[in-house]
Amino acid sequence: MSHHFYDHQSIEEKWLSVWEKQKLFWSTEEQTITAKDQKEYLLFAFAYPSGTGLHVGHVESKTALDIYARFSRMNGKKVFFPVGWDAFGLPAENFAIKSGIPPAVTTKNAIDTFRRQIKRLAISYDWANEITTNHPGYYKWTQWIFLQFYKKGLAYRGIGMVNWCPNDQTVLANEQVVDGKCERCGTQVVQKELEQWYFKITAYTEELLSGLHQVDWPKPTKQQQENWIGKKEGINITYQVEGTQDLTVTCFTTRPETNFGATFIVLAPEHQFVKDILNKKTSLNADQKKQLKKIQAYVKQAAAKTELDRLSEGKKKTGVFTGFYAKNQLNNTLLPIWISDFVLAGFGTGAVVGVPAHDLRDFQFAKAFEIPIVRVISDGEDGLIEREDQVYEDHGKMINSEFLNGLDVLDATAKMIDHLEAKGWGKRVVSYKLRDWLISRQRYWGAPIPIVYDPEGKPHPVKEEHLPWMLPTDVDFKPTGESPLKSSKEFFERTEQLYGKGWTPECDTMDTFVDSSWYFLRYVDSRNPKEFARKDQLNKLLPVDLYLIGPEHIVLHLLYARFFTKFLRDEGYLKFDEPFMKMRHQGMILGPDGKKMSKSKGNVINPDEIIEKYGADTLRIYEMFMGPLEADKPWDPGSVIGIYRFLQRIYALIQSQPATQQSEPGLQKKLHQTLQKVTQDIPQLKFNTAIAALMIMVNTWEETVKKAKRGLSAEDTNIFVKMIAPFAPFFAEEIYHSMFVGDNSEHFTSIHQTEWPVFDPRLTQEDQVTVVIQVNGKVRGQIKVASDQISDRERVLVAAKEEESIIKWITDQHIAKEIYVPGKVINFVLA
RNA sequence: GGCUCGGUGGCGGAAUGGUAGACGCACAACACUUAAAAUGUUGCGUCCUCUGGACAUGAGGGUUCGAGUCCCUCCCGGGCCACCA
């Protein structure tokens, strides 16, 4: 059998170099898509070129989209399938700090490795439009977009908090803070205020929410976007501060009906009222003065805490009394005003009215400071609430609430809101969780923010003719407590030279999420030096038809990219509202132990080794066969061999089957049924079942050759090879050229440029179908029915009753009901 | 705690409310071989009184002629977010 051995090593290398020479699937001017073409823009999540190279997880998602792309092309669509690198970012910079090798160098090497590995996998990318975010030709336009935001007032400067390591004198990213301590030196991380740049994404909040109805995305993804935006409808209730003329505190609540149970008010430490007390803008009585020191200490302590600190303290409530009381005008009770860091300054009004009987956090706070607890909702029990498990946050009947008594919670809420608004004590409001986007990073390896400051320190945009505003190279990567760009002499000299003496550059760089918020736009006109992309190209190719992206950047990246799209639409560049019409997620490939692959666990599978041993085609098909694309699946080292055998068997079969003019009829039928199944499965990304169908076909093919000494005609064999081409591009190309076109043809035609075969509906239908016979819902037998007779109910039922295996179950029994689902099942229900 | 996805043989997984376990791996026996690998053939959910039958899709209820699939209650696991008033 050795002459039928498929030598994957030499064959894959051979076609790799042929395709490379042909620049197969690289877009060129002639190929540019015209309006009448049916375009398909396939987008794969922007990849960070990590130094460790491609891993098997990349292989899965890239292969899936590649199969889809190849299938679409064979079906006559103009496929746009670009590739690029999200190359700015922390890992390269951290490596530079350790090694001294500039990020530009390590990044280039990493990209070269990735490119080589991806090509080796036969991913049919359009390499003509390859982009990388660290290239000045790219970040010129990232900066240009920043300036458009700036012009419209959507890029602004404000105070922001950063994680700060007092020992290393450096800003830390959230992931560099471990248990509230610096990842490198273990020092307690503190919060520090810095003046930083923001994008006003909140200007688009409502549209970011409503736009989700237009797109075909997995439901959980939409849900998470909605949660992140966090729209809440509620009411702001304003309380008079007792003993003052005009002071008030306004609290946001979604549960105003519980207000008869309010026993205190809590302010965030950053609340304006707190600042006013400390700055003595408010006159204080003797008791209040006594509190002053404690308040000062508490606010200071809260400011020093990181978010992680607050988290790790869990549900233990801390706080301090202000000495002030607010009046609940509903029942004229006085509510003590407290300060606590469990209240977030950024949400609602930064002040909360405490209803300890019906909110767990309020309860914990009330318990900690011995504040009264008043029940206003009955859950069947009307008694005192003394333990956490008695706190009742659900619906029930109102009690102890005067005009609300007896009402259901929902009715009570409506009535209370109307009442508060009528009295002028409250106002309906909508509140969102979504904050503006802080884009400043005190980092080197990113696009410089194109802003310069005049000698008075006032910001000015970098002039467009000075873009790209180049990232300097004469910098010290070692952390000094300041943005690395501050160490660049060239950067400062350049600024003075272009803008005048005493002018200084902005030394922060942009969040890498900015780079990846518009890359799918640049792809369509990637070398354009005059615009970020030509308008006609943008509106012809976009929006993206299918976006395949891991579930890990479901929230931020998508939100930011949608925000950019809507802004550029409003600026007149784009004619669509949503960038990604259809989106799907790939699952994670886990290690053989069922755990996430990681170096430290030693469960990492290296794709290069698999390719060497079994070939790229085997690797591709194995990963597609593992299970549904969206599921997390463990790698099974033993199972790869099954795919290898599958390809070897096909190869041997095609070589050894007897040459015939006509295919064996039953086998031909199977071929068309398989074609139908594969044609339906690929667009649905159901690759695992498509491959199973191909395997069944091969099994039948082998049996047929063995029994009937006949196989498929050359024409039908060609259909099969085309069918397997998107899955195993090397393998299919080899067979196609060695058996059907020969190597001497003048113009090279790849099998991947041929047309997808069409199944014959007459051949996909069976002559006979099996109808299952049940008695009382249990399977007792089956009959074959000719396909053209399946709708003849009486005839089928009579045949079923005469079926030998059925007779004994129904003899002397009264059949009360006869169910017949045509072509499927019969059920005799006995009385 | 919130949202969300899932639980089917030894393993990965199939299954528009209609024969549960397709397809692949692993395993076992046999053939070929001096032997091994490779390849081929057969078997492979559990149990029983075994040419048949009973039980089986995390547990328990329900709807239905019929439930892995739909509904309710609960248990377990994964993911994301997390003191959001």
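Residue numbers begin at 1 in each chain, while the letters A, B, ... track the order of the sequences.
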Rounded distance (Å) that lies between atom [atom2] of [N] and atom [atom1] of [X]:
X: A:Arg620; N: B:G24; atom1: CZ; atom2: C1'; value: 19 Å
X: A:His557; N: B:C81; atom1: NE2; atom2: C1'; value: 19 Å
X: A:Asp359; N: B:G2; atom1: CG; atom2: P; value: 13 Å
X: A:Gln225; N: B:C81; atom1: CD; atom2: C1'; value: 13 Å
X: A:Lys222; N: B:C80; atom1: NZ; atom2: C1'; value: 18 Å
X: A:Asn227; N: B:C81; atom1: CG; atom2: P; value: 12 Å
X: A:Lys367; N: B:C83; atom1: NZ; atom2: C1'; value: 19 Å
X: A:Gln673; N: B:C23; atom1: CD; atom2: P; value: 15 Å

| said: Quick check on A:Glu421: does its CD atom have over 12 non-hydrogen neighbours (other residues, nucleotides or ligands) under 6.0 Å away? | reply: yes
Pairwise [atom1] distance, [M] and [N] [rounded to whole Å]:
N: B:A20; M: B:G45; atom1: C1'; answer: 10 Å
N: B:G17; M: B:U69; atom1: P; answer: 11 Å
N: B:A37; M: B:C44; atom1: P; answer: 24 Å
N: B:G12; M: B:C81; atom1: P; answer: 27 Å
N: B:A67; M: B:A54; atom1: P; answer: 15 Å
N: B:U8; M: B:A56; atom1: C1'; answer: 10 Å
N: B:U46; M: B:C71; atom1: P; answer: 32 Å
N: B:G68; M: B:C83; atom1: P; answer: 42 Å

| task | Please confirm whether the backbone N or O of A:Asn259 pairs with a side-chain atom of A:Asn328, one donor and one acceptor, at under 3.5 Å? | result | yes
| Looking for any heavy atom pair under 4.0 Å, which part of the strands does A:Asn776 touch: base, sugar-phosphate only, or nothing? | nothing
| query | Which part of the nucleic acid, if any, lies within contact of A:Gly638, taking any heavy atom under 4.0 Å across all strands shown: a base, the sugar-phosphate backbone alone, or nothing? | reply | sugar-phosphate
| remark: Paired with A:Ile724, the side-chain contact (heavy atoms from CB on, under 4.5 Å) test is passed by just one of A:Ile650, A:Val678, A:Val698, namely A:Ile650
| message | Can you tell me how far apart CD1 (A:Ile773) and CZ (A:Arg780) are? Round to the nearest 0.5 Å. | response | 12.0 Å
| said: Could you check whether A:Glu703 pairs with A:Lys670 (Lys NZ or Arg NE/NH1/NH2 to Asp/Glu carboxylate O, under 4.0 Å)? | reply: no
Taking N or O atoms only and anything under 3.5 Å, show me the protein contacts with nucleotides 51-54 of chain B, one pair per line.
from: B:A54; atom 1: OP1; to: A:Arg780; atom 2: NH1; distance (Å): 3.4
from: B:A54; atom 1: OP1; to: A:Arg780; atom 2: NH2; distance (Å): 3.0
from: B:A54; atom 1: OP2; to: A:Arg780; atom 2: NH1; distance (Å): 3.3

| request: Anything under 30° is parallel, anything over 60° is perpendicular, the rest tilted; go ahead and classify A:Tyr6 against A:Phe731. | output: perpendicular
| Parallel, tilted or perpendicular: ring planes of A:Phe365 versus A:Phe342, cut at 30 and 60 degrees | tilted
| note | Its contact letters, B for base, S for sugar-phosphate only and - for none at protein heavy atoms under 4.0 Å, make nucleotides 6-19 of chain B read ------BSSSB-BB
| Chi angles and distances behind the ring-ring contact (aromatic ring centres under 6.0 Å, His included) call for A:Phe513, A:Trp437 | CA-CA 10 Å; A:Phe513 271 123; A:Trp437 173 14; 7.0 Å; no
| note | Per atom distances to the A:Arg645 side chain, the nearest of B:C3, B:G40, B:U39 is B:U39
| request: Looking only at side-chain atoms of A:Pro220, point me to the closest of B:U4, B:C83, B:A22. | output: B:U4
| said: Assess, by modelled atom type and distance only, whether the side chains of A:Gln657 and A:Trp701 contain a donor and an acceptor separated by less than 3.5 Å. | reply: yes
| said: Under a plain distance cut-off of 3.5 Å, with no hydrogens placed, do A:His585 and A:Thr221 share a side-chain donor-acceptor pair? | reply: yes
| field | Working for side chain to side chain donor-acceptor pair (under 3.5 Å), residues A:Thr689 and A:Asp681 | value | CA-CA 7 Å; A:Thr689 50; A:Asp681 278 355; 2.8 Å; yes
| message | Tell me whether the side-chain N/O atoms of A:Asn699 come closer than 4.0 Å to OP1 or OP2 in B:G24. | response | yes
| Would B:G9 be called syn or anti, given that syn covers angles within 90° of 0? | syn
| message | Give me syn or anti for B:C50, where syn covers glycosidic angles within 90 degrees of 0. | response | syn
| task | Can you tell me which stems RNA chain B forms, taking runs of 3 or more consecutive Watson-Crick or G-U pairs with both distances under 3.5 Å? | result | B:1-7 with B:75-81, B:10-12 with B:23-25, B:27-31 with B:39-43, B:45-48 with B:52-55, B:58-62 with B:70-74
| said: Please evaluate residues A:Tyr622 and A:Phe646 with respect to the criterion side chain to side chain contact (heavy atoms under 4.5 Å, CB included), reporting the C-alpha separation (whole Å), side-chain torsions for both, the decisive distance (0.1 Å), and the verdict. | reply: CA-CA 10 Å; A:Tyr622 171 65; A:Phe646 171 60; over 6 Å; no
| request: Test A:Gln673 against A:Glu766 for side chain to side chain contact (heavy atoms under 4.5 Å, CB included), laying out the working first. | output: CA-CA 9 Å; A:Gln673 288 167 344; A:Glu766 292 287 0; 3.0 Å; yes
| note | For A:Ile826 and A:Ala800 the tightest heavy-atom approach is CD1-CB, 3.6 Å
| Most 5' of A:Glu702 and A:Thr349 on RNA chain B, judged by nearest nucleotide | A:Glu702
| note | Per nearest nucleotide of RNA chain B, the residue lying toward the 5' end, A:Val555 or A:Gln223, is A:Gln223
